[in-house]
Number of protein chains: 2
Amino acid sequence: MASRTPAPATAVEQVDTSYLESLVGYNARRATLVIMDAFFRQMAVYGLRPVDFSVLSLIAHNPGITSRQLCTSLSIQPPNLVGMINQLQRRELITRRPHPHDGRAMGLHLTATGKKLVKQAEVTAAELEDQATVRLTATERRTLMQLLRKIYIP
Amino acid sequence: MASRTPAPATAVEQVDTSYLESLVGYNARRATLVIMDAFFRQMAVYGLRPVDFSVLSLIAHNPGITSRQLCTSLSIQPPNLVGMINQLQRRELITRRPHPHDGRAMGLHLTATGKKLVKQAEVTAAELEDQATVRLTATERRTLMQLLRKIYIP
DNA sequence: TATTGTTATACTCTATAACTATA
DNA sequence: TATAGTTATAGAGTATAACAATA
């Protein structure tokens with residue numbers, strides 16, 4: 001080999017991602033993106049985004065919940081919820097009723113149509129859960145949930 | 001009780017989130033947000049966002065990597081990478097050198113300053129990993145990574 | 001003809017300030 | 001004075017179309 005040849009810029013054949021793959025944050029993010037992507041595509045069948053599903057599901061399990069309570073539970077800024085609620089109401093999936101104790105607030109409730117839609121969407125969500133964890137045993141799935149909770153619950 | 005009184009709208013005292021908490025996607029998303037939030041705040045010390053750290057780290061471990069390879073590895077659209085690369089170059093953290101085999105492409109390399117910064121940032125990343133998994137044993141941490149990989153690796 | 005890198009641009013998501021009606 | 005809901009708006013993140021240079 002000629003000794004005066006300057007070190008050539010090397011080309012990367014195969015990208016080495018092993019360092020990033022050693023980080024819990026990287027793996028958690030990748031797994032979340034895969035699950036959310038499937039969730040996004042399947043919920044689109046019902047005209048819902050993941051956040052719409054979360055909102056409707058919380059209303060289903062908490063009839064009379066207020067916008068403020070939704071915002072706190074889902075970490076949504078109040079101005080960003082207004083449009084969602086309006087749209088769900090225009091689609092006649094939810095109704096607003098006066099809050100029993102607080103004249104400023106409105107209690108949110110599902111309509112019959114809304115209840116039917118949430119029921120279907122939750123079946124789809126269960127199927128998505130099965131698909132996402134198809135390579136896990138039932139025990140591994142429980143373990144995964146426990147370990148994830150240990151990370152985000154203080 | 002008067003029989004003609006219409007059923008009053010009920011108020012929700014405590015929001016029941018148990019249904020959402022039963023979904024793997026919800027738990028993965030929550031855990032990811034907690035980790036990424038800490039990551040975001042700590043990397044800001046170096047003037048980096050999480051994505052900048054990923055880009056610099058991939059260049060560090062793959063000297064000569066191209067923009068296209070970065071985009072593929074990190075699921076970034078090429079137009080959205082241009083600004084990041086320009087900024088990292090303006091900060092003199094990276095340099096662009098001609099690709100040895102492909103006249104269209106440029107190989108990306110860290111400068112001495114860039115190498116120093118990545119070294120520091122990776123120490124911080126290791127500390128963040130420890131903080132995020134402080135409630136997990138070493139075995140549990142390994143288990144978590146394996147289970148997450150089973151979800152996102154096909 | 002296909003691909004790398006780039007510009008311009010649009011769309012979504014998220015965040016803040018300020019207002020009203022009520023507590 | 002503080003809070004629920006709302007409006008307007010700004011910023012960040014992400015996506016597509018189209019182009020020049022090279023393969």
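Quantities reported herein were computed from a predicted structural model and do not represent experimental measurements. Values below: every heavy atom of this structure, side chains too, minus hydrogens, waters and symmetry copies. All chains are named by letter (A, B, ...) in the order of the sequence lines, taking the proteins before the strands, and each is independently numbered beginning at 1.
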Could you work out which one of C:dT14, C:dT3, C:dT22 sits closest to the side chain of B:Arg29?
-> C:dT14
Take the protein atom CG of B:Asp102 and the nucleotide atom C1' of C:dA2, then report the distance between them rounded to whole Å.
->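 Spelled out: CG on B:Asp102 to C1' on C:dA2 is 12 Å.
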Please determine, by modelled atom types, if [X] and [Y] share a side-chain donor-acceptor pair under 3.5 angstrom.
| X | Y | answer |
| --- | --- | --- |
| B:Asn86 | B:Arg96 | yes |
| B:Tyr152 | A:Asn27 | yes |
| A:Thr17 | A:Tyr26 | no |

Are B:Val12 and A:Val118 grouped together when hydrophobic residues (ILVMFWY) are joined by side-chain heavy atoms under 4.5 angstrom apart?
-> yes
Got more than 12 heavy atoms from elsewhere within 6.0 Å of CD, B:Gln120?
-> yes
A:Glu21 atom CD, neighbour heavy-atom count above 12 within 6.0 Å = yes
Using only heavy-atom distances, decide whether a donor-acceptor pair under 3.5 angstrom links the side-chain of B:Arg68 to the base of C:dT4.
->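 In this structure, the two groups form no donor-acceptor pair.
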Minimal non-hydrogen separation, B:Ile151 against A:Ala132, with atom names |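 The pair with the smallest heavy-atom distance is CG1-O, 3.7 Å.
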Closest approach of B:Thr32 to A:Ala28 (non-hydrogen atoms, all atoms of both residues) =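 Here B:Thr32 and A:Ala28 meet closest at OG1-O, 3.2 Å.
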Outermost DNA chain D nucleotides near chain B [under 4.0 Å, heavy atoms] | D:dG13 to D:dA23
Please list residues of residues 70-86 of chain B whose heavy atoms come under 4.0 Å from any atom in DNA chain D, ordered by number; otherwise none.
-> B:Gln77, B:Pro79, B:Asn80
Quick one: is C:dT12 close enough that its OP1 or OP2 comes under 4.0 Å of any side-chain N or O from A:Arg49?
->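 Answer is no, no contact under 4.0 Å.
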